[in-house]
Each structure stands twice: as structure tokens, then as C-alpha cells.
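Below, all heavy atoms of this structure are taken into account, side chains as well, without hydrogens, waters or symmetry copies. Keep in mind that this is a model prediction, so the values were computed, not measured.
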Amino acid sequence: MANDTIYQIQQQLNMLKKSTQECGVEIEKTRQMQEHHSINFYKHHQISVQLDSGQFQENSQEYLRWKEWRDKVAAELRQSFNNLKLQTSTLANRHLDMIKQVKELQYRVLDQELNKWKREQQLSGNGAPFSNNLDTIQKWCEDLAEIIWLNRQQIRQLEMIQEGLNIPSQETSMNILPELSDGLNVLLDSLVKSSFVIEKQPPQVLKTNTRFSATIRLLVGTKLNVHMSPPVVTASIISESQANSLLRAGHTKKTSSGDIVNNKQTMEYHQATGQLSVSFRNMSLKKIKRAEKKGTESVMDEKFALLFWSEFSIGNGEFHYQDTKDSETSASRQGSSNCPENSLKKVCAPSLPVVVIVHGNQEPHAWATILWDNAFAEWGRQPFLVPEKVPWMQVANTLNMKFKASCGRGLTEENLKFLAGKAFSFRNMGYNADCSNLMITWSQFCKEPLPDRSFTFWEWFYAVMKLTKEDLRGMWIDGALLGFVSRQQAEEFLQASEVGTFLIRFSDSELGGVTVAW
């Protein structure tokens, strides 16, 4: 995150805090004005009672003195009433302007910065660097929560002043107060739901009957006192069709696509860090229900998501985040942790897509599905759609990122040209053919076997990466392992080298094998 962005957002928050504080001071002055107005109103009433009681003879000196006093108080009342109308109208308009600013800033924090964090978290699954600035985003969310909450209280105070003055709403701009209150409630609702995030994602290739973990954090939990009564978080697993149903309807019947043990945990407040979070350390998927397969689909193509949800209340029970219908889950558009606008009051966060496997030999293809999804899924997509084909250069960058994270050093331009030649089967054109403008399909990537081979391009690459990571990492980092060279290239290289020179390249015919040439 750029320092300019951090500075700008913090400056805007500071300005909103200052404006909120100034409004609070003005509202207190207005309240005192109203108290004085009420005292005068009561005084005027008492004088009128005295005058109307017949105690004084009309036009007598005493009567005229009381009447003059009543007229003076009445004039003061008219003046204070007009002043109060003007002051409350001014404050209402100030809040209107402030709420617009809060809305714009909250959009920037949640829809831009928090979503950017989520996207970087997703790309880190492919090996991309992840700065993880969630603590900074939490501070922003806490500040927004405090600003919104104080503004809600101030709007209530203005409504009470309005009620005390008996001002007809149609006579003044005070009729915007209910609209302002509703707007703040919507902002607070969105903030709470969006700040329920998966800090540590579950593994995206999930093997049944294997222990796994995940961490959930509520970014505004401490500021809204949710930590005083920590809520329980529940995890379930949902299929692609269920995720789509949730997106359309905002809720679904009590159903899931599998059984997860140890799927309920209570959030904990960590005083040292000021975080309200929960870590699931011993979850395990015992059973999975799969959809019917079509065409060439396999179980390694099928994507699920873990859905974490909770229910609680804030503001002395004023806001209830819980389900009231026969529903278990409420999910958002893939990639966002806040539930749809028409959903019930339950916070939820869907994980990144996961592929469920039961055998280790399913792992390579499962990782292909995840790699493709992490790299090429469009933000805000319908779960879990991905493009069928993408530019080779994007795939090359993704492979480089993954290889570097796994093996300690990235791929060279020559390595990537070699991989392009293998992916597109350019035997006749040579491995140096220009592939920069070519599109590669999902089928070419991990479905279709390479020519004269029983394995796909991805299976070959995955085996090479696994071998390098586990057995040849040191040689690769030192540059002693050429690896990505064809047999013809190896022969040409050795013919031009001194006698006794040898090289190690990755085998074309054996998965995870190497060939020593001299």
C-alpha cells in the first residue's frame, strides 16, 4: 500500500473526527438553548395563567406590568425558536455533508483497499508477495465505526431537540433527520459485515480426513464492544451451485456439501494486539457431497468454498446480526466478505475456492484448478467462473511466480520460451517461437496430453517444480541446474563446450525425472 494512500485516508479520518467533535459541541450548545427556551415557554405559560385568572383588573398597572412581561417573554421565545430552527437546520445539513464524506471514504476503505488486500491474499496462493496490511485497514474500520456511531448519537439528539420544539417536519429541513439516521444505519451495517474477514485462508487443496486451519477476524469488534460478549463462528462447506443460490437469494435452506468436525469456535479478544479473532486449528472434512460431472470434468475441477458465519448484536442489542428464517448461511459475491444487501442479519465470509481430494495423486490437477482460479478469476464474478482461455504471457507470469515461491529462484526468459514451446507443442517450429500473442486454453494447460506422452503440460511442470523444491533447490538457486532445455538445445550446448562438460535437464519423457547429458 502506497504511503500516499495511507496518509490521505488518515487525513480524511482525522478531518471527519474533528468535524464530528465540532458538531457535538454545537449540539450541546443547541441543547442548552433548547433548555432555556423550554424554561421561557413554561414561564410564558405561567404568566398567561395569571393574566387569565381574573386576579388583576384589566388595564390596571399591575395587569399591564404582567402583560408587558408576557410580551417580552413571547418575543424572546419567538427569537429563540427561530434561532433553534436555524441552528438545528444548519447542524442537520452539516451531518448530511459529513455522511456523504463518510460514505465516500468507507467505499475507498472497503471496496478498494480491503478488496485489494483480499486480491493480494488470493494471488499469494500462487506465490505472489503479500504485504498483509490488515492491521492498518482494521484501524481505519475502527475509526469509521466510531465516527458513524457518534454521528448516529448526534442525529438522535437533534431529533430529541426537534421533538422538544414541536417543529412540524415539513416546515424545516429537519425532515432529513430520519433519512440521515437510516443512511448511517446502512453504513454501519455494511461496515460490520464487510469487516468480518478470513485473515488466514484454509488450504485451497483440501484432503478429506486431514486436519486444517483458518483464522477469522472482525475488524470492528473491539470498537463496537462485540468483544465484551465474544460470538461463536461456524464453518460449513458449500458447492458452486449453493454459492450461486446464496448470491441470488441471500440465504439458503439448512444444507451444506459436507461434514466438518470442530467447525465451531468462539472468538477471542487479544488485548495486546487489539484484535477480535478466532483460529480454527483442528478442523477436518469428513465427508463431501459432489455434483454430477459433465463431459471431461473430474473431481479435481470441482470447486467448493468454506463459509464462515456468526451472529451477534451491537449497540446494547440495537443491531442484531443473526438469522431469523430457516437458513444456515448467507454469502456474498465471490471475493467479498459482506453478505448481499437483501440478506438477513448474519455476518459471513466465504473462503477462496477449494478443491477437495481424497488421494495424493489427485493433488497436481487440483493445484492446476486453484492456480488458474487464483490468477484469472475476475473480481466480483459469479462463483466460480473463470475464463476458458487466457494470454500465454499471463500464464507465463503465473508459472514464474509459482516456481519462484516454491524453488527460491524465478524462471528466465529462456525458461519461459521453453515452457511455451512445450505447452503449444512447437516441435517443428522450435522452442524459441514467439508466443507472446498466443492464447492458451484450460484444456491445453492441464487436460490434453502432450504429443506422444501420457501426461499433460501442467503435470510435467508440477512434477519438475516438486522435484526442484524437494531435491534440487540448492542447485537451482546457484544456477547450476539448467533444467528447462530441450534435447536438441542440450546437444548444441555441449558441442560448443569443453570436453568433460555435462548438464542436467528435466526429462521430457519421465515425470519428475532428470537427464544428465555430456
Taking atom CD of Gln57 as the centre, report whether more than 12 heavy atoms of other residues, nucleotides or ligands fall under 6.0 Å from it. no

Kindly determine whether Val197 and Lys118 satisfy side chain to side chain contact (heavy atoms under 4.5 Å, CB included), including the steps that lead there. CA-CA 9 Å; Val197 299; Lys118 291 176 182 176; 4.3 Å; yes

Got a second to check how far [X]'s [atom1] is from [Y]'s [atom2], nearest 0.5 Å?
X      : Y      : atom1 : atom2 : result
His270 : Met267 : NE2   : CE    : 8.5 Å
Asn133 : Lys139 : CG    : NZ    : 14.5 Å
Gln201 : Leu352 : CD    : CG    : 3.5 Å

Would you tell me whether [X] and [Y] have side-chain atoms, one donor and one acceptor, within less than 3.5 Å of each other?
X      : Y      : result
Ser213 : Lys200 : yes
Arg70  : Gln50  : no
Ser277 : Glu268 : no

Which word best sums up how the rings of Trp442 and Trp372 line up, parallel for under 30°, tilted for 30 to 60°, or perpendicular for over 60°? perpendicular

For the residue pair Lys116 and Trp379, would you count it as a cation-pi contact if the rule is NZ or CZ under 6.0 angstrom from the ring centre and within 45 degrees of the ring axis? no

Take Phe212 and Phe280 through the test ring-ring contact (aromatic ring centres under 6.0 Å, His included) and record every step on the way to the result. CA-CA 8 Å; Phe212 66 93; Phe280 293 82; 9.0 Å; no

What's the verdict on ring-ring contact (aromatic ring centres under 6.0 Å, His included) for Phe196 and Trp309, showing C-alpha distance, side-chain angles and the deciding distance? CA-CA 9 Å; Phe196 187 73; Trp309 55 270; 9.7 Å; no

Measure across Arg217 and Leu219 and return the closest heavy-atom pair with its distance rounded to 0.1 Å. CD-CD2, 3.5 Å

Any side-chain to backbone donor/acceptor pair from Ser124 onto Pro129? Under 3.5 Å, distance only. no

